[in-house]
2 protein chains.
Amino acid sequence: MVNDPGAVDATPARAPTIKDVAARAGVGIKTVSRVLNDEPNVRPEMRDRVLEAMASVEYRRNSMASSVRRRDQRTASIGLVVEDLANPFASQLTRVVQDHALRRRYLVLVGSSDGVAEREREIVGEFCSRRVDGLLVVPSGTDQSYLAAERERGTPVVFIDRPGKKITADAVVSENEIGVQQATEHLARHGHTRIGYLGDRQSVHTAERRLAGYRAAMTELDAEPDTGWVRTELTDASAAYRAATGMFQQDDAAPTAVVCGNNLITVGTLHALQALGLRETVAVVGFDDLDLADLLRPALTVITQDIEAIGERSADQLFTRLDNPGEEYARVSVPVRLVPRGSGEIPPPPHGEGE
Amino acid sequence: MVNDPGAVDATPARAPTIKDVAARAGVGIKTVSRVLNDEPNVRPEMRDRVLEAMASVEYRRNSMASSVRRRDQRTASIGLVVEDLANPFASQLTRVVQDHALRRRYLVLVGSSDGVAEREREIVGEFCSRRVDGLLVVPSGTDQSYLAAERERGTPVVFIDRPGKKITADAVVSENEIGVQQATEHLARHGHTRIGYLGDRQSVHTAERRLAGYRAAMTELDAEPDTGWVRTELTDASAAYRAATGMFQQDDAAPTAVVCGNNLITVGTLHALQALGLRETVAVVGFDDLDLADLLRPALTVITQDIEAIGERSADQLFTRLDNPGEEYARVSVPVRLVPRGSGEIPPPPHGEGE
DNA sequence: TTGTATGCGTTATCAT
DNA sequence: ATGATAACGCATACAA
């Protein structure tokens with residue numbers, strides 16, 4: 001009973017290794033390895049014997065062991081850190097990145113930082129411990145310099161949506177400023193001069209750029225924005241709801257149109273306008289598309305980011321850097337697009353009305 | 001220049017190992033390993049020396065090597081196969097699973113099968129090659145028996161959203177039938193007798209159950225559904241659009257209310273009703289919530305799945321099985337909830353109208 | 001064309 | 001309490 005040759009399978013059946021396959025096929029392990037890695041110098045007959053043996057024991061290569069031994073230590077996986085995977089922007093981005101990665105037989109590890117710098121670091125640490133070949137990061141907080149160490153050890157980093165802080169690296173970013181500028185001009189073209197803006201925390205790069213786009217447009221239009229027309233630091237829909245309610249309850253000087261800095265803010269603002277009975281009165285342009293935007297009445301005019309392009313460009317950027325390190329860091333800008341659907345084309349009320 | 005003591009770093013700086021840490025701390029590698037794994041029998045003084053050395057070289061454990069050597073081969077990761085990560089149901093589910101996994105220091109690998117059985121198998125294969133400790137699968141196609149092999153090798157499987165076919169295993173499933181039954185009864189309670197149903201392919205378990213719920217309610221109401229009131233095999237929003245358009249253009253016998261079998265169908269149906277000018281005339285209840293459902297007019301009444309509970313229960317189920325294998329397989333049912341918002345409470349038009 | 005021996009970074013065994 | 005050494009499953013160098 002010592003060498004248990006024909007023992008009943010009591011143990012959970014250790015997964016078969018190339019040794020098992022080799023023994024079964026009556027070849028050396030190196031031949032199995034060659035078949036596994038599509039290396040040359042294997043007689044078709046041998047190859048078939050090996051493949052058959054693999055199938056019969058349902059062999060599955062242990063890619064852990066493989067990458068430990070590999071000279072380049074490659075794991076064929078990359079890590080992606082988003083803010084919140086439950087957010088449509090993040091999940092669509094993840095899907096695109098996965099598709100592009102899978103095309104190169106790469107797997108994607110995903111983590112949600114919730115915009116908390118500490119969590120971002122933890123997730124990155126976990127990824128690096130798994131020896132991902134590269135990192136895609138939507139950065140949170142004020143300092144990504146910790147990533148320099150990972151990079152020097154051979155793990156390239158590409159930032160998405162906004163550049164990392166205190167570090168120079170590749171980044172793929174939407175043209176936030178231009179987008180909001182165009183949205184504002186669009187509203188002006190439809191007759192508005194009293195245009196408001198509701199935005200996120202200015203510490204977030206994208207929010208800062210978007211407000212800059214608004215200001216640029218207003219300056220160009222000689223429409224000095226009233227202080228009551230701009231609210232920032234709105235971190236969620238309910239904050240936006242309160243801010244919008246306040247903004248449009250200003251009897252004297254409420255704006256006739258508003259640009260919303262992101263989709264949470266758009267949702268909060270729409271709820272506020274709904275409650276005030278102003279849905280069909282105040283013109284609205286939102287940043288980022290929403291699923292049912294075209295079923296709303298009026299349908300929602302938005303500036304959409306090209307998530308497909310963002311995902312593709314950032315994956316490409318990462319894989320390119322994996323293939324040839326030592327290139328110059330690049331900042332890729334992805335155009336945004338204004339989609340008029342109705343809410344952004346509402347004209348201002350006739351002069352003198354509103355009290 | 002042979003042993004390059006102070007060589008300029010030309011190479012991409014191999015990641016430090018426990019050997020490097022041990023040398024720097026002046027201890028054996030086993031001591032480092034002990035610190036790393038919180039094993040007993042390390043003098044606090046030693047531990048501090050090791051921790052300091054780790055910090056100074058920014059050591060990151062290589063969990064690949066770790067799990068290769070481990071007796072249990074554990075990788076502290078699980079695999080999750082969804083249909084499409086870009087779909088809100090999938091991404092919210094993923095988020096919940098990740099949170100519960102991360103609490104146990106587990107990582108989640110995600111893949112999108114697009115409902116294609118072949119892709120599901122590929123992804124599972126990739127996950128198994130990465131030696132995930134367990135699998136969560138939203139099954140596609142007609143046969144998950146291939147997963148039996150993985151399970152026998154010690155990788156437990158839990159199905160989500162619908163049970164796997166040709167295999168007995170744990171499953172966490174919403175009460176689809178009850179949900180649609182309640183939705184139908186809800187419409188009946190508001191005066192409707194001519195209630196339609198638009199559903200997905202009957203080969204999909206959830207779709208089959210949902211239609212069964214509709215039929216059960218109709219039978220109970222003695223409201224034999226007209227053949228023109230039920231359309232299935234609708235795989236996307238545009239198919240639903242066409243089906244709904246056809247259904248409500250039946251001059252004589254169009255239903256006055258409709259239940260939509262999933263959110264894509266709901267979107268298609270709403271577009272169709274919009275085009276026909278029937279948005280405020282036909283009562284609608286959708287299965288699965290939509291982001292802006294409450295901003296629509298009328299706001300959308302839905303049956304929502306408890307994604308939080310589904311994710312939590314399935315993760316728990318998997319981890320429980322990891323800790324003690326050999327338990328009986330269980331099928332967990334998660335209740336759904338009817339959320340009345342307006343569209344499901346529209347009364348039928350007065351009798352005799354409609355031509 | 002094929003196989004043997006060595007090593008990857010870690011955990012496990014066992015001696016000290 | 002600590003460390004030398006074997007072993008994990010695989011890739012690599014090199015011999016046959």
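Lettering follows sequence order; numbering is per chain, from 1.
- Under 4.0 angstrom from either OP1 or OP2 of D:dA11 there lies at least one side-chain N or O belonging to A:R61.
- For D:dG9, the OP1/OP2 oxygens have no side-chain nitrogen or oxygen of A:N62 closer than 4.0 Å.
- In this structure, A:K30 atom NZ and D:dT12 atom P are separated by 7 Å, rounded to whole Å.
- Contact between the side-chain N/O atoms of B:R43 and the OP1/OP2 oxygens of D:dT2 is found at a separation under 4.0 Å.
- Between B:R70 and C:dA12, a side-chain N or O to OP1/OP2 separation shorter than 4.0 Å is absent.
- Here the straight-line distance linking atom CZ of B:R313 with atom CD of B:E308 works out to 13.0 Å at 0.5 Å rounding.
- Annotation: the span from A:T75 atom OG1 to A:F127 atom CZ amounts to 11.5 Å, rounded to 0.5 Å.
- Scanning for ring-ring contact (aromatic ring centres under 6.0 Å, His included) contacts around A:F319 gives A:Y106, with sequence neighbours left out.
- A:Y59 has a side-chain polar atom (N or O) that falls below the 4.0 Å cut-off from OP1 or OP2 of D:dC10.
- In this structure, A:I29 places its CD1 atom 15 Å from P of C:dG7, rounding to the nearest Å.
- Using a 4.0 Å heavy-atom distance criterion, A:M46 is classed as a sugar-phosphate-only contact.
- Among the heavy atoms of the strands lying under 4.0 Å from B:R71 are primed sugar atoms or P, OP1, OP2 only; no base atom is included.
- Rounded to an integer number of Å, the gap from CG of A:D72 to P of C:dG9 is 13 Å.
- Each end of the helix from C:dT1-D:dA16 to C:dT16-D:dA1 yields a helix axis from five base pairs, and these two axes differ in direction by 40° (to the nearest 10 degrees).
- The phosphate of C:dT2 has neither OP1 nor OP2 within less than 4.0 Å of any side-chain N or O from A:T31.
- The phosphate of C:dT2 has neither OP1 nor OP2 within less than 4.0 Å of any side-chain N or O from A:N41.
- If A:N37 and B:R69 are placed on DNA chain D by their nearest nucleotide, the residue sitting closer to the 5' end is B:R69.
- Side-chain proximity of A:A65 to D:dA11, D:dC10, D:dG3: nearest is D:dC10.
- Shown here for B:L85 and A:S91, the closest heavy-atom pair between the two residues is O-CB, 3.5 Å.
- A salt bridge is defined here as a Lys NZ or Arg NE, NH1 or NH2 lying under 4.0 Å from an Asp or Glu carboxylate O, and A:D316 with A:R104 meets this definition.
- Screening A:T31, A:L36, A:V35 for a side-chain contact (heavy atoms from CB on, under 4.5 Å) involving A:I18 leaves a single residue, A:L36.
- Separating the CD atom of B:E45 from the C1' atom of D:dT2 is a distance of 13 Å, rounded to the nearest angstrom.
- If you check distances only, the side chain of B:R131 never reaches the base of D:dG9 with a donor-acceptor pair under 3.5 Å.
- Remark: A:R119 does not engage A:E122 in a salt bridge, criterion side-chain N to carboxylate O under 4.0 Å.
- There is no side-chain donor-acceptor pair under 3.5 Å between B:R130 and B:S77.
- B:R14 places its CZ atom 10 Å from the C1' atom of C:dC8, with the value rounded to the nearest Å.
- Dashed line: the shortest gap from a side-chain N or O of B:S66 to OP1 or OP2 of C:dT11 is under 4.0 Å.
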